[in-house]
Amino acid sequence: MHTKKQILDLQVIKHTSLNDHHAVLTCTSEKKLPTLLAGQFAEISAGDTAGTFLRRPFSIHDYNKDENTVSFLIQIKGNGSAIIGSLQPGEYMNVILPLGNSFSMPAQGEKVLLTGGGCGVAPLLLLAKSVIAAGASCDILIGARDEDNLMETEELSELGTLFTTTEDGSEGIQGFVTDHPVMQELKENYSKVYSCGPDPMMKAVATIAEASGVDCEVSLENTMACGIGACLCCVTETTEGHKCVCTDGPVFNSKELKWHN
Amino acid sequence: MAQLNVNIDKLKLANPVLTASGTFGYGFEFDDFIDVNDLGGIVVKATTEEHREGNKYPRMAETPHGMLNAVGLQNKGIKYFRDEIYPKLRKYSTNVIANVSGSTVESYVAVAREMNQLDHIPAIELNISCPNVKEGGMAFGTSCASAQEVTKAVREVYDKTLIVKLSPNVTNIADIALAVEESGADAVSLINTLLSMAIDIRTQRPVLSTITGGLSGPAVKPVALRMVWQVAQAVKIPVIGMGGITNAEDAIEFLLAGATAIEVGTANFIDPQVTVKIINGINEYLEHTGCQSVNEIIGALKTK
Ligand SMILES: Cc1cc2nc3c(=O)[nH]c(=O)nc-3n(C[C@H](O)[C@H](O)[C@H](O)COP(=O)(O)OP(=O)(O)OC[C@H]3O[C@@H](n4cnc5c(N)ncnc54)[C@H](O)[C@@H]3O)c2cc1C
Ligand SMILES: Cc1cc2nc3c(=O)[nH]c(=O)nc-3n(C[C@H](O)[C@H](O)[C@H](O)COP(=O)(O)O)c2cc1C
Ligand code: FES
């Protein structure tokens, strides 16, 4: 099904600071938002400054059809995310959405594992809600550098059992997500694994999933100029040659990928 | 409503706004945002003789008011274009122009010969200016002799409107323009991207996998405008101007400098509706200045 892409001015109605370099922006639109699926993203304009000429891609963090709201989890990295991530209630941002494919949904009654690293938790909130809406259930495993960077734990723990790891051991199991015991019993417990985070983390999760014979879907990041399949700047190497992360992805079955570097 | 129609050789454009190759996909990518048929025409992404995977990732770097790309002519080759893409392009009633690329004279000729058979493609734009391929590409556009050789060879097999796209990475672009005019080109378009690079000082590595790439966007506009003006002074065939056009004012500058039509590239990434806004803006300008037709401002630059 193709949902028509729209260019919209969204108004920020809530700015929630998660720590000193992450914020969740909840936005609404005068026009009805198109249906947004877990895994899809938006291209957000940071305004035309010398350093923020192109739009920036951000995952749909949450979507509420009844309230006509969408939210984004923004990590402040460079100029663009700094401008977008500091928008306050009442301010506007121009977005193009919905972009990209989406995570595939499990069948009714299945149980899946959602894994996220750092700000890779961004698409997992809507994913967990969608999995439940599909009549399936999930456990959620998130990892970060330290306790302060484990985000959205309260919201996520309402949607499934939440497991955590931190590199410094300040919360949950010490180490990476792949060091968590749930990763040792994938086949026994889950019909599918989803992953979003830094490439090395997704690759490690996918390697374990593939070895256990469990399907794994990952959500890739890539530098993008257009986000709509027009420039061919965002390719990733797959078993079928170069594919665009913005239109063929960002969600890929891990078996399709020939991870670069 | 002022008259916006212009002619490029036998090609009749309802208005002077086209899209730049490689920045507009095959047009389909923009169907959600605009009615593509409102444009004077579209130049679709490059087609080569064989399938090309293009360059490795990373292929893009943002720089102040512009971007570098190193896509490297990724496309599935002329056969795939003819059999799979062309039938879908037939839905557009506006002019669909193919961008033809190659690495040898023979490969340009092979693609041009196939394109000549496709009745819904009224013109080709010969890309002798791509900075992102190792062999061929820009090399053809940087000397008068090789530009002439490839233009002549293609002219022999191509009957419809032949536009040759020039590289800005030369000492004197007007000389190249004259050389291709003499070799049978019906029009020239310029500029392709400027050879450039970006370095990540944290890793002390180039940002692009290919080290160098092509710069586009508003950053190149003053250079492009100067070149369009120089070429328009030199040749008699129509000039199609591009480079950093993001609004109607930019487009009007190119028309005043002597461009009969313009192409919009990188700006499509930021605002997929920008082309239609530019058409409306040109019309408003003409009405405001009391012009009946866009032809009145083409080359109307006052230098005295
Ligand atoms: C599909 C997708 C979904 C994403 N979802 C989220 C999310 O939900 N939350 C979040 O915090 N971040 C997300 N990102 C990453 C986010 O887009 C980048 O952090 C952001 O573009 C950096 O911009 P900047 O101006 O702050 O940084 P700069 O480093 O100054 O950016 C410079 C240039 O590099 C590009 N760039 C740099 N890093 C990335 C990157 N990792 N991915 C894409 N482009 C990059 C920018 O677009 C820009 O053109 C996502 C990326 C993609 C591709
Ligand atoms: C991502 C990208 C891909 C491009 N691919 C092609 C191409 O395949 N063939 C071509 O002739 N020009 C190509 N170009 C050059 C543009 O058509 C145009 O000449 C250039 O970008 C300058 O215009 P602009 O500043 O409006 O983008 C490409 C440009 C970009 C940014
Ligand atoms: S970002 Fe342009 S094709 Fe994906």
Side-chain angles (χ1 to χ4, degrees), chain A residues 2-9 34 43-57 77-81 94-99 199 220-238 240-249 257-261, chain B residues 19-34 42 44-46 51-76 132 198 207-209 213-214 216-219 244 246-247 265-274:
Chain A
H2 175 82
T3 304
K4 192 172 174 182
K5 300 178 188 89
Q6 298 188 22
I7 307 176
L8 294 172
D9 283 317
E43 278 278 8
I44 306 182
S45 165
D48 185 7
T49 76
T52 60
F53 171 64
L54 299 168
R55 290 172 182 267
R56 300 290 190 264
K77 265 181 85 176
N79 292 330
S81 53
N94 185 268
V95 306
I96 304 179
L97 81 191
L99 301 174
D199 270 6
L220 297 187
E221 282 191 9
N222 229 338
T223 46
M224 294 184 174
C226 73
I228 59 174
C231 73
L232 305 186
C233 285
C234 65
V235 292
T236 194
E237 269 179 63
T238 74
E240 294 169 36
H242 280 140
K243 283 195 174 181
C244 283
V245 172
C246 75
T247 46
D248 298 313
L257 298 174
K258 293 188 183 170
W259 305 81
H260 51 250
N261 56 56
Chain B
T19 59
S21 178
T23 66
F24 204 70
Y26 290 108
F28 317 131
E29 294 79 355
F30 289 78
D31 284 340
D32 277 359
F33 305 107
I34 59 171
I42 61 173
V44 299
K45 72 173 75 152
H51 170 110
R52 283 181 62 96
E53 271 298 302
N55 293 320
K56 284 201 177 320
Y57 176 85
R59 293 176 169 187
M60 196 278 282
E62 184 172 338
T63 54
H65 295 297
M67 60 173 278
L68 313 188
N69 88 80
V71 172
L73 304 178
Q74 178 178 329
N75 79 101
K76 292 190 169 158
N132 292 325
V207 180
L208 299 176
S209 67
S216 64
T246 53
N247 54 41
T266 305
N268 289 303
F269 303 158
I270 296 141
D271 180 2
Q273 297 172 330
V274 70

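Keep in mind that this is a model prediction, so the values were computed, not measured. Note on naming: letters A, B, ... go to the chains in the order of the sequence lines (proteins, then strands), and numbering restarts at 1 for each one.
- The structure places CG of Asp32(B) at 9.0 Å from CD1 of Ile228(A), a figure rounded to the nearest 0.5 Å.
- Between Glu53(B) and Val235(A), every side-chain heavy-atom pair lies at or beyond the 4.5 Å cut-off.
- For Thr266(B), the part lying near chain A is the side chain, with the backbone staying farther off; criterion is any non-hydrogen pair under 4.5 Å.
- The minimum heavy-atom distance linking Asn55(B) with His242(A) is given by the pair O-CE1, 3.4 Å.
- Of the listed residues Ser45(A), Ala225(A), Gly227(A), the one with more heavy-atom pairs under 4.5 angstrom with chain B than any other is Ala225(A).
- Side-chain contact check for Ile7(A) versus Asp271(B): some heavy-atom pair is nearer than 4.5 Å.
- Rounding to the nearest 0.5 Å places CZ of Arg56(A) at 4.5 Å from CD of Glu62(B).
- A heavy-atom distance below 4.5 Å is not found between the side chains of Cys231(A) and Asn69(B).
- Heavy-atom distances place both the backbone and the side chain of Thr223(A) under 4.5 Å from chain B.
- Ranked by heavy-atom pairs under 4.5 Å with chain A, the list Ala61(B), Pro58(B), Gly66(B) is led by Gly66(B).
- Residues that satisfy the side-chain hydrogen bond (donor to acceptor under 3.5 Å, both in side chains) test with His65(B), not counting sequence neighbours, are absent from this structure.
- Between Cys233(A) and Phe269(B), every side-chain heavy-atom pair lies at or beyond the 4.5 Å cut-off.
- Residue Gly217(B) comes nearest to Phe53(A) through the heavy atom pair CA-CZ, 4.4 Å, listed as atom of the first residue, atom of the second, then distance.
- Under the side-chain contact (heavy atoms from CB on, under 4.5 Å) criterion, Thr247(A) pairs with Cys244(A), not counting sequence neighbours.
- The part of Phe30(B) that comes within reach of chain A is its side chain, from C-beta onward, which places non-hydrogen atoms under 4.5 angstrom from that chain.
- Taken to the nearest 0.5 Å, the CD1 atom of Ile270(B) stands 11.5 Å off from the CG atom of Asn94(A).
- With a threshold of 4.5 angstrom between heavy atoms, Phe33(B) approaches chain A through side-chain atoms but not through N, CA, C or O.
- Rounded to the nearest 0.5 Å, atoms CG (Leu54(A)) and CE (Met60(B)) are 5.5 Å apart.
- Ranked by heavy-atom pairs shorter than 4.5 Å toward chain B, the options Gly241(A), Ala230(A), Cys226(A) are led by Ala230(A).
- For the options Met224(A), Lys5(A), Arg55(A), heavy-atom pairs under 4.5 Å to chain B are most numerous at Lys5(A).
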